[in-house]
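What's counted below: heavy atoms across the whole structure, side chains too, no hydrogens, waters or symmetry copies. Because the structure is a prediction, the values reported are computed rather than measured.
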Amino acid sequence: LTFRSDSDDVSLPGCVVVTDSGVEVYPRTITLDFGDGCTDAMGRTRSGMMHIAISQPWTEVGSTRDVTFENFTFTRPNQSVSIGVEGQRQLVRLAPGVDGEPRWERTISTVLTHPDFTIDREVNGIRRWISGEGDPEAEQIFGLTGEGSHTRNGVTRTRTILDELIYNGTCGETVSGTVDIV
């Protein structure tokens, strides 16, 4: 789920209650209230709230988008297990890349609570929009670099992207890149 500072028409299921301070109001605050359970067209059910704070227009270098969670859970399609989410995700707009593409510093610090275990997740890296910006009909291609870790049952795994991961948003798959997992 992505909210840019210029978003005012976002695809969400009708059961979500959206509270928005306004498209031209900065800092902009948006709350998505999924109530006790709201299922989207992909079969994902969410409950609780997501709070989104956007500091200034999405296109301005230095703008931030912070997402925090309140009593938030999600259930994947065809699964009965709800997973709790706590913590924060942040994007900070950087100067354009070498080819003029939009770039963001990406930081994730979350705890995912499963019925039998928790996963502490920390991620830092750069996300860039390689192609498709501003054209919903175009193939949406993103690049990811950086590193992260997740700890489950006391075991920590680190991941470092050695060769940029190329993600095709149109098909929903990572199509190239190399990751070192320790």
Side-chain angles (χ1 to χ4, degrees), residues 1-8 10-13 16-23 25-38 40 42 44-76 81-95 102-129 142-161 164-165 167 169 172 174 179 181:
L1 180 64
T2 300
F3 275 90
R4 300 185 329 224
S5 63
D6 58 352
S7 294
D8 60 2
V10 178
S11 255
L12 289 171
V16 177
V17 176
V18 179
T19 305
D20 188 343
S21 63
V23 174
V25 176
Y26 295 100
R28 182 177 181 189
T29 57
I30 302 166
T31 298
L32 304 177
D33 187 345
F34 295 90
D36 292 331
C38 181
D40 66 18
M42 302 296 290
R44 298 171 294 213
T45 301
R46 297 175 182 94
S47 67
M49 291 190 273
M50 293 176 70
H51 301 285
I52 303 164
I54 304 169
S55 67
Q56 56 194 5
W58 182 247
T59 55
E60 292 187 27
V61 172
S63 67
T64 60
R65 186 191 74 191
D66 293 297
V67 179
T68 56
F69 305 90
E70 181 180 340
N71 299 318
F72 188 80
T73 66
F74 71 92
T75 306
R76 292 183 178 109
V81 175
S82 291
I83 300 167
V85 180
E86 300 172 43
Q88 179 177 10
R89 296 185 316 207
Q90 182 182 67
L91 290 177
V92 177
R93 182 69 178 244
L94 302 173
R103 299 178 323 129
W104 296 267
E105 179 179 7
R106 179 174 165 245
T107 306
I108 299 171
S109 180
T110 56
V111 176
L112 303 176
T113 303
H114 295 252
D116 301 330
F117 59 90
T118 61
I119 297 174
D120 294 319
R121 186 170 176 228
E122 302 288 332
V123 175
N124 294 294
I126 304 295
R127 173 177 157 182
R128 66 186 190 109
W129 202 338
F142 300 92
L144 293 174
T145 58
E147 59 190 14
S149 67
H150 78 264
T151 302
R152 175 180 167 178
N153 297 333
V155 176
T156 300
R157 291 187 176 98
T158 60
R159 297 176 182 190
T160 304
I161 299 172
E164 182 179 42
L165 296 179
Y167 177 79
T174 301
V179 178
I181 302 172

Under the criterion side chain to side chain contact (heavy atoms under 4.5 Å, CB included), I'd like the reasoning laid out for V123 against T107: C-alpha separation, chi angles, the key distance, then a yes or no.
CA-CA 5 Å; V123 175; T107 306; over 6 Å; no
Between S21 (side chain only) and T29 (backbone N and O only), is there a donor and an acceptor less than 3.5 Å apart?
yes
Smallest heavy-atom separation, F69 atom then V85 atom, equals CB-O, 3.5 Å
Closest contact, heavy atoms only, G62 versus S55
O-OG, 4.3 Å
Where do T68 and H51 land on the side-chain hydrogen bond (donor to acceptor under 3.5 Å, both in side chains) test, with the steps shown first?
CA-CA 5 Å; T68 56; H51 301 285; 5.4 Å; no
Quick one: closest heavy-atom pair of S47 and G37, and the distance?
CB-N, 3.8 Å
Before giving the answer on side chain to side chain contact (heavy atoms under 4.5 Å, CB included), spell out for I54 and I30 the whole-Å C-alpha distance, their side-chain angles and the decisive distance to 0.1 Å.
CA-CA 8 Å; I54 304 169; I30 302 166; 4.3 Å; yes
For side chain to side chain contact (heavy atoms under 4.5 Å, CB included), just list the numbers for L94 and I126, CA-CA rounded to whole Å, side-chain angles, deciding distance to a tenth of an Å, and then say yes or no.
CA-CA 9 Å; L94 302 173; I126 304 295; 3.5 Å; yes
Roughly how far apart are I108 CD1 and R121 CZ, rounded to 0.5 Å?
4.5 Å
On a heavy-atom basis, the closest approach of T73 and G84 is CG2-CA, 4.0 Å
I'd like to know if the side chain of E122 pairs up with that of S109 as donor and acceptor (distance under 3.5 Å, no hydrogens or angles considered).
yes
Rounded distance (nearest 0.5 Å) linking atom CZ of R89 with atom CD1 of I52:
8.0 Å
If I take atom OG1 from residue T174 and atom OH from residue Y167, how far apart are they, to the nearest 0.5 angstrom?
7.0 Å
Take the angle between the ring planes of F72 and F34 and call it parallel below 30°, perpendicular above 60°, tilted in between.
perpendicular
Picking from D33, V16, V17, what satisfies side-chain contact (heavy atoms from CB on, under 4.5 Å) with M49?
D33
Would you sort out whether M50 and E70 count as a side chain to side chain contact (heavy atoms under 4.5 Å, CB included), showing the intermediate values?
CA-CA 6 Å; M50 293 176 70; E70 181 180 340; over 6 Å; no
Does the side chain of T75 pick up a donor-acceptor pair with the side chain of S82 at under 3.5 Å?
yes
Give me the atom names and distance for the closest heavy-atom approach of S63 to W58.
OG-O, 3.5 Å
R103 (side chain) donor-acceptor with A95 (main chain) under 3.5 angstrom
yes
Taking only residues two or more places apart in sequence, or in another chain, which ones meet T145 in a side-chain hydrogen bond (donor to acceptor under 3.5 Å, both in side chains)?
none
At what distance, to the nearest 0.5 angstrom, does CZ of R93 lie from CD of E60?
10.0 Å
Please report the interatomic distance CG(N124) to CD(Q90), rounded to the nearest 0.5 Å.
10.0 Å
Is the number of heavy atoms from other residues, nucleotides or ligands under 6.0 Å of N71 CG greater than 12?
no
Can Q88 and D66 be said to form a side-chain hydrogen bond (donor to acceptor under 3.5 Å, both in side chains), step by step?
CA-CA 7 Å; Q88 179 177 10; D66 293 297; 2.8 Å; yes
If you measure from the Lys or Arg side-chain nitrogens to the Asp or Glu carboxylate oxygens, is any gap between R127 and E105 under 4.0 Å?
no
Of all heavy-atom pairs linking Q56 and V61, the shortest is NE2-O, 3.6 Å
Keeping to residues at least two apart or across chains, list the side-chain hydrogen bond (donor to acceptor under 3.5 Å, both in side chains) pairs with something in residues 151-160.
T151-T156
How far does CG of L91 sit from OG1 of T64, to the nearest 0.5 angstrom?
9.5 Å
